[in-house]
Amino acid sequence: MYKDEILKLKKEKNAIILAHFYQNDEIQEVADFVGDSLALSKMAASTTADIIVFCGVYFMAETAKILSPTKKVLLPKKNATCQMAMMVDYDELLQYKTNNPDTIIITYVNTRANIKALSDVIVTSSNAEKIVKNYKDKKMMYVPDKNLGTYLKHKLGYNIDVWPGYCYIHENLKVSDVLTMKEKHPNALTLIHPEAPLDVLLQADFVGSTKQILDYATDSKKIEFIIGTDKGIIHALKKQNPDKKFYLLNDGLSCKNMKMINLEDLYISLRDELYEVSVPEEIREKAVIALDKMMELS
Ligand code: SF4
């Protein structure tokens, strides 16, 4: 019932529903577009819809508002936040910048608007490596994911400081998880998201963002895969590859904040235009410069 009502309202209000790969299956099914942070940012920047309903977490809806300031952006559950995004404090980063004026601040998209406003460039897990290469001779600070920052530092050998933040579901992955699953599924390839710790990533056959994992599994001739990221991605993996088999690397790979939105929340949000996301213009003007830099370099 909600599905039909949502589709009707969407048409009446010229709205678009954007959903992250980590959302519940029912949300992915009703969305106009399902993607990773990079693709969703691009879609938010280019849509002609009047309303963007963002099924994800707060920083994603906020990023859509920064890129599309004239549109109404709704987040169906107002307390859906990303724990990693809350691990960087504005005053601390400002202090770091003041003490290190020549350091390039490379900021993961998983941050609040005021942190983006202090940054030189934003990255996602899809484009971080490519963008960081533009600053190879500079000193860099990677904010806030210590694991992705450490992975880039290890892979590229650049001078990168890392902020001590992390994503709790990926941080909990262990080398023993990989060894156990490889023993159980000896023919499977192991595909892991770079928000996992370096020792775990070094056990992977492929390290990539959700979209890169999806493309890798789709293009591969192999039929079994161990997946080291949120279980929401399994929906898209199975949809694109009905004859292949996917095993989650461990049972804890489910972000509770990403699973908060259900069809009823989405319906009510669209019907009553709840909960609208706003960004103060003085912050937005600075944050959009760092986001535009990402678009230019990615
Ligand atoms: S999966 Fe991790 S990084 Fe993504 S929203 Fe959840 S806590 Fe944040």
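Atoms within a ligand are numbered from 1 in the order they appear, just like the ligands themselves. Note that the structure is predicted; figures quoted are calculated from it, not measured.
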### Query
Backbone or side chain, does C167 get an N/O/S atom under 2.8 Å to atom 2 (Fe) of ligand 1?
yes
### Residue, atom name and distance, where the atom is the protein heavy atom closest to atom 8 (Fe) of ligand 1
C82 SG, 2.3 Å
### Message
Check whether Y158 forms a cation-pi arrangement with K138 (NZ or CZ under 6.0 Å from the six-membered ring centre, at most 45° off the ring normal).
### Response
no
### Message
Students often mix this up, so state it plainly: with edges at 30° and 60°, are the rings of H170 and Y22 parallel, tilted or perpendicular?
### Response
tilted
### Task
Establish, from distance only, whether the side-chain atoms of S119 and T107 form a donor-acceptor pair under 3.5 Å.
yes
### Query
Does ligand 1 have a heavy atom under 4.0 Å from the side chain of D230, from its backbone, from both, or from neither?
neither
#### Entry: Mutual orientation of the aromatic rings belonging to Y108 and Y142 [parallel < 30°, tilted 30-60°, perpendicular > 60°]
tilted
### Message
Please list, in number order, the atoms of ligand 1 under 4.0 Å from a heavy atom of E195.
### Response
3 (S)
### Query
Among all protein non-hydrogen atoms, which one is nearest to atom 4 (Fe) of ligand 1, and what is the separation to 0.1 Å?
Y22 CE1, 4.1 Å
### Message
Tell me whether D251 is salt-bridged to K231, with the criterion being a basic N under 4.0 Å from an acidic carboxylate O.
### Response
no
### Task
Check ligand 1 against N110 and write out every atom of the ligand that is under 4.0 Å from a heavy-atom position of the residue.
3 (S)
### Task
Report the relative orientation of the aromatic rings in F246 and F225; use parallel for angles under 30°, tilted for 30 to 60°, perpendicular for over 60°.
parallel
### Message
atom 8 (Fe) of ligand 1 and C255: any N/O/S contact shorter than 2.8 Å?
### Response
no
